[in-house]
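Read the structure below first, then the notes.
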Amino acid sequence: MKLYNTLTKTIEAIEPIEPGKVRLYACGPTVYNYAHIGNLRTYIYEDVLVRTLRAHGYDVTHVMNITDVGHLQSDADSGEDKMALAAKREQKSPWDIARHYENEFFRHAGLLNIEKPDVICRATEHIKDIIDMVSVLVEKDFAYESGGNVYFDVDKFPAYTEFANLKLDAQLQTDRVEFDNNKRNQADFALWFSNSKFPNQIMKWDSPWGVGFPGWHIECSAMASKYLGEKIDIHCGGIDHVNVHHTNEIAQSECAFGHQWVNHWFHCEFLTIDAGKMSKSEGGFITVDTLVDKGVDPMAFRYLSLTTHYRSILSFSYEALEAAANALSKLKNHYKTASEAAGGVDDDFSNAAKRYRQRFDDAMGNDLHTPKAVAELWAVARDDALTDRDKVQLFDVFSGPLGLDLTPGKELGLTPEQEALIEAREAARANKDWAEADRIRDLLTAQGVELRDKKA
Ligand code: AMP
Ligand code: ZN
């Protein structure tokens with residue numbers, strides 16, 4: 001399987017450190033607000049990557065962190081801790097904020113059929129691991145204490161600018177870093193904050209450098225190595241992480257471990273709306289609940305995401321989403337028609353079906369070309385020369401790595417009785433029999449099925 005590698009800027013074969021196993025780390029959400037559909041585009045693609053690796057026979061360990069402390073307003077060292085800001089905004093404790101938005105993140109991810117990672121690790125539960133890693137960096141003289149904070153000394157890592165082709169002088173003139181007297185070089189970054197961010201911080205821990213909290217970047221390095229060891233096959237994130245977060249992760253990890261840390265870097269391009277990037281801190285962003293409230297199946301957003309390659313910008317519009325919803329429901333109809341006619345499946349593929357399979361595998365194996373893979377789904381749906389049995393088998397095989405469940409109703413995990421109840425309720429609503437509609441809704445609620453009606 002081949003994948004673009006941000007480190008080498010080329011498409012390269014994946015060659016795991018341990019044959020057959022892939023150790024994969026993904027930067028998780030910062031849980032100070034709902035994830036928006038831009039964030040989720042990145043997680044959909046990471047999910048497609050993991051599913052595809054598994055379909056290619058790799059034994060994948062997928063680790064994802066939860067950033068519940070230490071991510072400042074800028075991705076670098078300026079501004080307040082996002083958790084502290086959210087706590088003020090919502091008049092809650094940062095702990096409550098963190099747990100609430102973490103739960104909401106997984107609920108939304110579930111609605112998009114994103115599988116849960118094998119390991120989910122919260123920064124606040126790994127403070128000792130983080131402090132240990134900072135201590136190693138201080139002992140090895142890659143980091144220094146100043147003004148109560150601990151900083152990574154970028155001058156000790158000559159390759160610092162290579163990963164992102166950084167022009168540090170130019171960047172320091174811009175908004176990347178706020179002037180900090182304690183730093184030897186303004187490009188240095190904080191590993192542990194004690195003094196400068198201390199006064200309002202609720203989430204804080206004791207450390208050899210004073211009471212404080214960790215920087216965001218060191219959290220990922222410490223947790224990734226705890227669960228995956230000191231060498232990782234694939235590290236994932238959104239494209240915005242290249243310049244600061246991943247550059248800093250590489251610097252501190254390679255200095256602490258003394259060798260190359262990650263073989264393959266996978267970055268997903270942005271989702272934009274009205275030509276601007278969607279951003280959590282800007283407000284007014286679209287979440288999965290926004291889509292549900294508008295009566296759109298969240299899986300239509302997954303389908304829409306798959307129709308744009310992960311290294312291209314996805315320019316979101318409701319028109320495109322509606323077209324995706326229609327396309328998905330037509331595909332489901334094709335599946336339904338074929339499966340009713342086929343009457344069953346076996347593992348035998350005709351030669352024509354094998355050719356489709358090959359083309360699908362080639363598309364996904366060549367830098368996760370999901371738009372081509374979706375086009376193969378459609379080619380199968382429209383090919384009258386294929387038997388219904390072939391079609392069903394191909395749909396089943398293709399929908400695995402794409403994470404599209406084309407089986408009618410199954411994607412919601414409903415029983416046939418529940419489906420019948422929903423239909424009966426629709427009929428009651430059409431007849432304006434609100435009492436009956438409410439009765440059925442209550443019945444379904446009691447069974448854990450939440451109904452949301454389309455807004456007019
Ligand atoms: P955050 O919760 O802000 O730490 O971001 C979670 C993930 O979403 C990270 O991998 C980001 O790089 C990614 N991300 C942030 N904004 C966007 C966007 N507009 N489109 C795609 N990915 C994004
Ligand atoms: Zn990270």
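Only heavy atoms go into these numbers, but all of them, side chains included; no hydrogens, no water, no symmetry mates. Order of appearance sets the numbers: ligands from 1, and atoms from 1 within every ligand.
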Could you check [atom] against the protein and tell me its nearest heavy-atom contact, residue, atom and distance included?
atom	value
atom 21 (C) of ligand 1	Gly38 O, 2.9 Å
atom 12 (O) of ligand 1	Asp240 OD1, 2.4 Å
atom 9 (C) of ligand 1	His241 NE2, 3.4 Å
atom 6 (C) of ligand 1	Tyr43 OH, 3.2 Å

With rounding to the nearest 0.5 angstrom, report the [atom1] to [atom2] distance, [X] to [Y].
X	Y	atom1	atom2	value
Asn5	Asn263	CG	CG	8.0 Å
Gln73	Lys82	CD	NZ	8.0 Å
His71	Asp81	NE2	CG	9.5 Å
Ile286	Leu40	CD1	CG	12.0 Å

Looking only at N/O atoms, are [X] and ligand 1 under 3.5 Å apart anywhere?
X	value
Gly238	yes
Leu271	yes
Asn39	yes

Strictly under 2.8 Å, is any N, O or S atom of [X] next to the Zn ion (ligand 2)?
X	result
Cys27	yes
Glu219	no
His245	yes
His217	no

Taking the six-membered ring for Trp, are [X] and [Y] parallel (under 30°), tilted (30 to 60°) or perpendicular (over 60°)?
X	Y	value
Trp265	Phe163	tilted
His235	His246	perpendicular
Tyr34	Tyr101	perpendicular

Atom indices of ligand 1, in the order listed, that fall short of 4.0 Å to a heavy atom of [X]:
X	value
Thr42	10 (O), 13 (C), 21 (C), 22 (N), 23 (C)
Pro29	2 (O)
Gly237	10 (O)

Test side chain to side chain donor-acceptor pair (under 3.5 Å) applied to Tyr144 and Asp188, Asn182, Asn149, Asp153, the passing residue
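That would be Asp188.
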What part of Thr30, side chain, backbone, both or neither, has a heavy atom within less than 4.0 angstrom of ligand 1?
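The answer is both, backbone and side chain.
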Between His36 and ligand 1, which part of the residue brings a heavy atom under 4.0 Å of the ligand: side chain, backbone, both or neither?
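Just the side chain.
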Any chance the side chains of [X] and [Y] put a donor and an acceptor closer than 3.5 Å?
X	Y	answer
Tyr335	Asp396	yes
Thr287	Asp289	no
His126	Tyr227	yes

Shortest non-hydrogen contact between Met364 and Met1, atoms and distance
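Closest approach of Met364 to Met1: O-CE, 4.1 Å.
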Quick one: does Glu269 get within less than 4.0 Å of ligand 1, heavy atoms only?
yes
Which single N/O/S atom of Glu249 lies at minimum distance from the Zn ion (ligand 2)?
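Closest to the Zn ion (ligand 2) among those atoms: OE2.
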Relative to atom 17 (C) of ligand 1, which among Phe270, Tyr34, Trp216 owns the nearest non-hydrogen atom?
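Answer by nearest heavy atom: Phe270.
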